[in-house]
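What follows is a single structure, written as structure tokens, with notes after it.
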Amino acid sequence: MQPFHIPDSVKTIRVFFPVLMVVLVAGLYVSSLDNPFMLDDIAVIVNNPDVVEPGGMGSLWLHDIWNGQHGESIKYQPLTVLTYRLNAQMTGLSPVGFRVVNAGLLGLVGLLVALWIGRYTGHPAAAALAGFVFVAHPANAESVNHLVGRSDLLAMVGVVGFALVQRLVLELLGAHRKRGIEGPVRVGAVAGVGMAAGLVFASVALLSSDTGLVVIPVAVAQGWVAYPRKKGRPTVGIRCVLHGATAICVAVPAWVYLWGYEIAASMAVAPGGVGRPIGVYDVGVNPLAGLELAERVPAALTILSHYGGLVVRPGVGFYHSPWAIPGWDSASTLSGVFLLLTAVGVLGATAYRRHWGTIAVVLVLSQYVLVSNLGGATQAYASNLRSMPFTVAGAFVLAWLINRTTGGSTRARVVAAVPCAVVVGMSLVLVLKVNELWFSPARLMAAELARRPEDPVAMYHYGSALVNAGRFERGAFWLEGSLGHRASSMRARHQLALARLMRGDTSGARTLYVRILDMDGGDVRACAQLANMALAESDLVAARGYVERAVGMQPLSVEVMLLRARLAAAEGDVVEAERWYRVVLEREGGNVLAREGLAGL
């Protein structure tokens, strides 16, 4: 392994590269800094007690990112929640402060990617160009604009930071023996410092997102390609120290992650803690949910082709679920088969030669395992937020191409900067278009509807965004259109009922909620809404019937306990009402409805 060397003619790159990276990130995202909190940002940040309430610094390590209030997925990301909490304390609940941090994290990932790749190219120009293209890639824009994307940004900081530290230690102990660092004391010192730094980065990766799990196969791949097959190999003792330290660095945070996930999951699925599972084919839900493995395989191969296309030809799309589940006769499935076979073949060839391209292939395949839906349906069919390992691998390929075509010539690398600058410029234009869409949920979903005008899922998302924005008539129109294509959709029916209720059509809303209960007798939301309408009309007999029905479904959910408190207050039982309001406040100290109800007794 040859030590990394920067020729004197290009040493200025070390000075100007970070400055140019800051300028590039600012140019890309300054226009979107004051965009509002959107979509999952509200639940994960604005309404999350672990973020906004005092005294939650210890409890966030025992909760999932939803604070146990999401029925569709469990995400153990305590470090991400901790950064949200610190962000809120330092900048307040202003989206500007949160988005500045996200943009800064993207720039940091770009810097680390360039430094990491530079250890293999042996020349910083190719690595710097690849780093610029990576940061400007439009697929990464959602990780900045959608603030919950911070989890994947932090995970990639951890993965790439760990890989960079591992590479540096491998260089020092494997190739620099002639510089006098060989020996038990100095070997131990270098390994100890590297192990401490690696442990920090691996912890960041694994405690920020499940994407951080790719740090494990990446560490193995880099350890494999670190030394030539015959010459220049360090002693067995040094190799044992290196690989043993690497194993500890990833095993310890992996164990903490799995332990924390079990704790968070057990708390999240406590009786009444989460909602009931949503119908398999409902709008807005991963269409692979509930399918057998044999049925998911063709779609899983399609997902590989989707992410491959996203890296090469990104667009402004936000929602990527297909209209119909692809089968074996789908062109995208066949392209996925081709890509998978190609990746496996390239992995075999590069691993045999111990070429650094092995790392890029391992990064792609390991992330694909996480997002393929093969092991089980994930929350999203496909998402831009999960694409960052693929774009990092793309940066590796780009750096290799520049290295290969320029032949080590500085002049040729300067020429190679021209097409890279063109790509960055085109990406800048596309990212600015993406930023405009994140100005409001209605604008984002309107763009999705324009892209997929006949898709009932796009109709549902746009209609829901309009209802949440207070445009009930227009929202109801698109929700009815969605139901026209997916008559069994419970989500669309709920949103349509809410739209009718908010515009004063109580009778229409009641009809829809009754219909929902006829279709799904265990729908606690419909029960709660019918109970609230009965209480508003002082029909205590009907209200008690719906409340008792809801209690039988989820006796310990906050929504049901609030219903019990309201019913007790309406019946004049102040002691019972106060008891239930206080139980809610014990669960959620910042619950506004409970505080207002208690004050009104």
Side-chain angles (χ1 to χ4, degrees), residues 1 4 79 108-109 112-120 152-175 187-188 190-229 233-234 236-258 343 346-348 350-371 388-393 395-396 399:
M1 179 187 299
F4 180 64
L79 192 61
L108 177 59
V109 175
L112 292 172
V113 165
L115 290 172
W116 183 27
I117 294 175
R119 314 309 298 190
Y120 292 98
D152 291 273
L153 288 166
L154 283 169
M156 290 315 297
V157 168
V159 171
V160 180
F162 176 89
L164 176 60
V165 168
Q166 183 191 22
R167 169 69 190 194
L168 289 170
V169 174
L170 289 170
E171 284 181 8
L172 286 171
L173 298 184
V187 167
V190 172
V193 173
M195 185 175 175
L199 189 60
V200 170
F201 278 116
S203 299
V204 170
L206 287 160
L207 298 179
S208 298
S209 170
D210 55 357
T211 297
L213 289 167
V214 301
V215 72
I216 299 173
V218 166
V220 173
Q222 188 162 238
W224 172 258
V225 305
Y227 308 111
R229 297 178 64 207
R233 296 169 68 91
V236 174
I238 290 179
R239 277 184 285 155
C240 288
V241 169
L242 291 176
H243 298 315
T246 299
I248 293 173
C249 283
V250 297
V252 172
W255 181 85
V256 173
Y257 167 78
L258 293 173
V346 172
L347 177 62
T350 54
Y352 177 78
R353 297 171 51 202
R354 295 183 186 260
H355 188 273
W356 50 279
T358 304
I359 300 171
V361 182
V362 167
L363 185 58
V364 166
L365 291 177
S366 56
Q367 178 66 0
Y368 171 60
V369 169
L370 293 177
V371 302
M388 198 165 293
F390 297 99
T391 54
V392 171
F396 260 89

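Below, each value reflects all heavy atoms present in this structure, side chains not excepted, and no hydrogens, waters or symmetry copies.
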Item to check | side-chain hydrogen bond (donor to acceptor under 3.5 Å, both in side chains) partners of S203, counting only residues at least two apart | outcome: none
Item to check | Any donor-acceptor N/O pair, R119 side chain to R167 backbone, under 3.5 Å | outcome: no
Checklist entry - Quick one: are L206 and V256 in side-chain contact, heavy atoms under 4.5 Å? => result no
Checklist entry - CE/M156 to CG/L363 distance, rounded to the nearest 0.5 angstrom? => result 5.5 Å
Next on the checklist: Show the nearest heavy-atom pair for residues A163 and V218, with the distance to one decimal.
Outcome noted: CB-CG1, 4.2 Å
Checklist outcome for this item: When every non-hydrogen atom of A393 is compared with those of A360, the smallest separation belongs to CB-O, 3.7 Å
Checklist entry - Rounded to the nearest 0.5 Å, how far does CG of L170 lie from CD of Q222? => result 6.0 Å
Checklist entry - Can you check whether A351's main-chain N or O pairs, donor with acceptor, with T358's side chain at less than 3.5 Å? => result yes
Checklist outcome for this item: Looking only at heavy atoms, the pair that brings C249 and A202 closest together is O-CB, 3.3 Å
Next on the checklist: Is there a side-chain contact between L164 and F201 in this structure, where contact means two heavy atoms from C-beta onward sitting under 4.5 Å apart?
Outcome noted: no
Item to check | Side-chain heavy-atom pair L213, Y257 within 4.5 angstrom cut-off | outcome: yes
Next on the checklist: If I compare all heavy atoms of L112 with all of V157, which pair ends up nearest, and what's the gap?
Outcome noted: CD1-O, 3.8 Å
Next on the checklist: Once rounded to the nearest 0.5 Å, what's the spacing between atom CG of D152 and atom CD of Q367?
Outcome noted: 7.5 Å
Next on the checklist: Below 30° counts as parallel, above 60° as perpendicular, anything between as tilted: where do the rings of F396 and W116 land?
Outcome noted: perpendicular
Checklist entry - Taking all atoms of both residues into account, what is the closest heavy-atom pair of V159 and A205, and its distance? => result N-CB, 3.7 Å
Checklist entry - Which atoms form the tightest heavy-atom contact between A343 and L365, and what is the distance? => result CB-CD2, 3.9 Å
Next on the checklist: I'd like to know if the side chain of Q166 and the backbone of A219 have a donor-acceptor N/O pair within less than 3.5 Å.
Outcome noted: yes
Item to check | Interatomic spacing from CH2 in W224 to OG1 in T350 - rounded to 0.5 Å | outcome: 11.0 Å
Checklist entry - Is any side-chain heavy atom of I359 closer than 4.5 Å to a side-chain heavy atom of Y120? => result yes
Next on the checklist: Is any side-chain heavy atom of L154 closer than 4.5 Å to one of S209?
Outcome noted: no
